[in-house]
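Inspection log for the structure reproduced underneath, given as structure tokens.
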Amino acid sequence: MEQQIKITRTSNSGLQHIDFENIPLGTVFTDHMFVCDYENGNWQNPRIEPLQMIPTHPAAMALHYGQAIFEGMKATVGQEKTPLLFRPEENAKRFNHSAVRMGMPTVPEKLFVEAVKQIVGVEHNWIPPQDGSALYLRPFMYADEPFIGMRAATSYKFIVICSPAGPFFTKKIRLYAETEFIRAADGGTGEAKAAGNYAAAILPTEKAKAKGYDQVLWLDANEHKYVQEVGTMNIFFKVDGKFITPSTNGSILKGITRDSVITLLKDKGFEVEERPITIDEVIQFSKEGKLEEAFGTGTAVAIAMVEAIGYKDEVITLPDHNPVSLDMKTTLDEIKTQKREDDHGWIIPVDVEEKVG
């Protein structure tokens, strides 16, 4: 049975203290959060309440066995100052795909989308108005049952928090192709947005930064030669006029921005190949002068253009001119702010919630 989301507003907003021209990354949060409890086999008590600490038992199973997943989304402002979401139903589907892989209960897609819409409706004044900025949304679920034992938990929390964010990666990025550490293996959790995937990436990312790079270019677990992802993004290469992106084969996250970019590239007449591609191919394409552009795609950054790729003792330098990458970034930004026609029905307007529930 459909449950109404109860809204309890704070009496002490922090909005007046925010400088939208200078937003620290990932440290500023809005006034409210959405919370829903999974108990006795059902999701219950969906609510929006003032942002606060979450009471957690020391034996909460997520802390010991890692049952924790999340999504990343953004809310923008349209031409009529209407809050907008970008393909939220796809986030709901991927969230549930992650839940199934991690042995967790799924969240009804309608509940997921409605939770996101309503929290954005409440927090719409927190959406930064500057170009390239947005309200970053973080839906997540974790096992909160207090139990020391290896099995699926029986109780969970589904929460959505929000954080205003400026543009990510405003300059081109340098990548280091990792040959020791791996992000994911076939049969693992690479296709799920599981919290542990990102924990395992921290050390190699710090090592890459120490070498003068920004992100890791992940290679496959078996041979360390097939390109997988870039940090927390999917990767595209423009080779001799067409685009190649690694196929999502179970160890690569099915990016929603990735899927959108493939559609937009095809709209513009480009051929797009989804196939395995090796780092040796990338090097050879560069030597032959065929490697024309490379960029990462993801919710946070949208499009991140690549300046160089380090691999062992070699450095692949990408051309300075990135016309298609820039066009993709502009197209996505303009669709998300209603400056360009949304031909694919990706944009979902949000009703502004002004009442106390």
Inset, instruction - Using atom types as modelled and distance alone, determine if a side-chain donor or acceptor of T56 lies under 3.5 Å from a backbone N or O of I54. - result: yes

Inset, instruction - State, without any angle test, whether Y156 and Q67 hold a side-chain donor-acceptor pair at a distance under 3.5 Å. - result: yes

Legend entry - salt bridge (charged side-chain N to carboxylate O under 4.0 Å, His left out) assessment of K193 paired with E71: CA-CA 7 Å; K193 283 187 76 71; E71 271 297 318; 5.7 Å; no

Inset, instruction - Look at the side chain of T189 and the backbone N and O of A192, then say whether any donor-acceptor pair between them is shorter than 3.5 Å. - result: no

Inset, instruction - Decide if the gap between the ring center of F158 and the ring center of F140 is smaller than 6.0 angstrom. - result: no

Legend entry - G241 backbone acceptor or donor facing E292 side chain under 3.5 Å: yes

Inset, instruction - List the atom of S133, the atom of P128, and the distance in Å for their closest heavy-atom pair. - result: CB-CB, 3.5 Å

Inset, instruction - Report yes or no: do H32 and E49 form a side-chain donor-acceptor pair below 3.5 Å? - result: no

Inset, instruction - Might you point out which heavy atoms bring I119 and C162 nearest each other, and give the distance in Å? - result: CG1-SG, 3.6 Å

Inset, instruction - Using the side chain to side chain contact (heavy atoms under 4.5 Å, CB included) rule, take L253 and E229 through it: C-alpha gap first, then chi angles, then the decisive distance, then the call. - result: CA-CA 8 Å; L253 193 71; E229 294 189 20; 3.4 Å; yes

Legend entry - Where W126 and F20 come nearest, the two heavy atoms and their spacing: O-CE2, 3.5 Å

Inset, instruction - Enter the distance from T330:OG1 to K339:NZ here, rounded to the nearest 0.5 Å. - result: 10.0 Å

Legend entry - Aromatic contact, Y198 with F70 (centres under 6.0 Å): yes

Inset, instruction - Assess the side chains of S155 and E39: does a donor N or O sit below 3.5 Å from an acceptor N or O? - result: no

Inset, instruction - Mind checking the CG-CG spacing from D131 to D333? Nearest 0.5 Å is all I need. - result: 7.5 Å

Legend entry - Mutual orientation of the aromatic rings belonging to F112 and F95 [parallel < 30°, tilted 30-60°, perpendicular > 60°]: tilted

Inset, instruction - Would you tell me whether E293 and S325 have side-chain atoms, one donor and one acceptor, within less than 3.5 Å of each other? - result: yes

Legend entry - Residue pair T10 / D31, side-chain donor-acceptor N/O under 3.5 Å: no

Inset, instruction - Measure from the side-chain N and O atoms of R183 to the backbone N and O of G190, and report whether any donor-acceptor pair falls under 3.5 Å. - result: yes

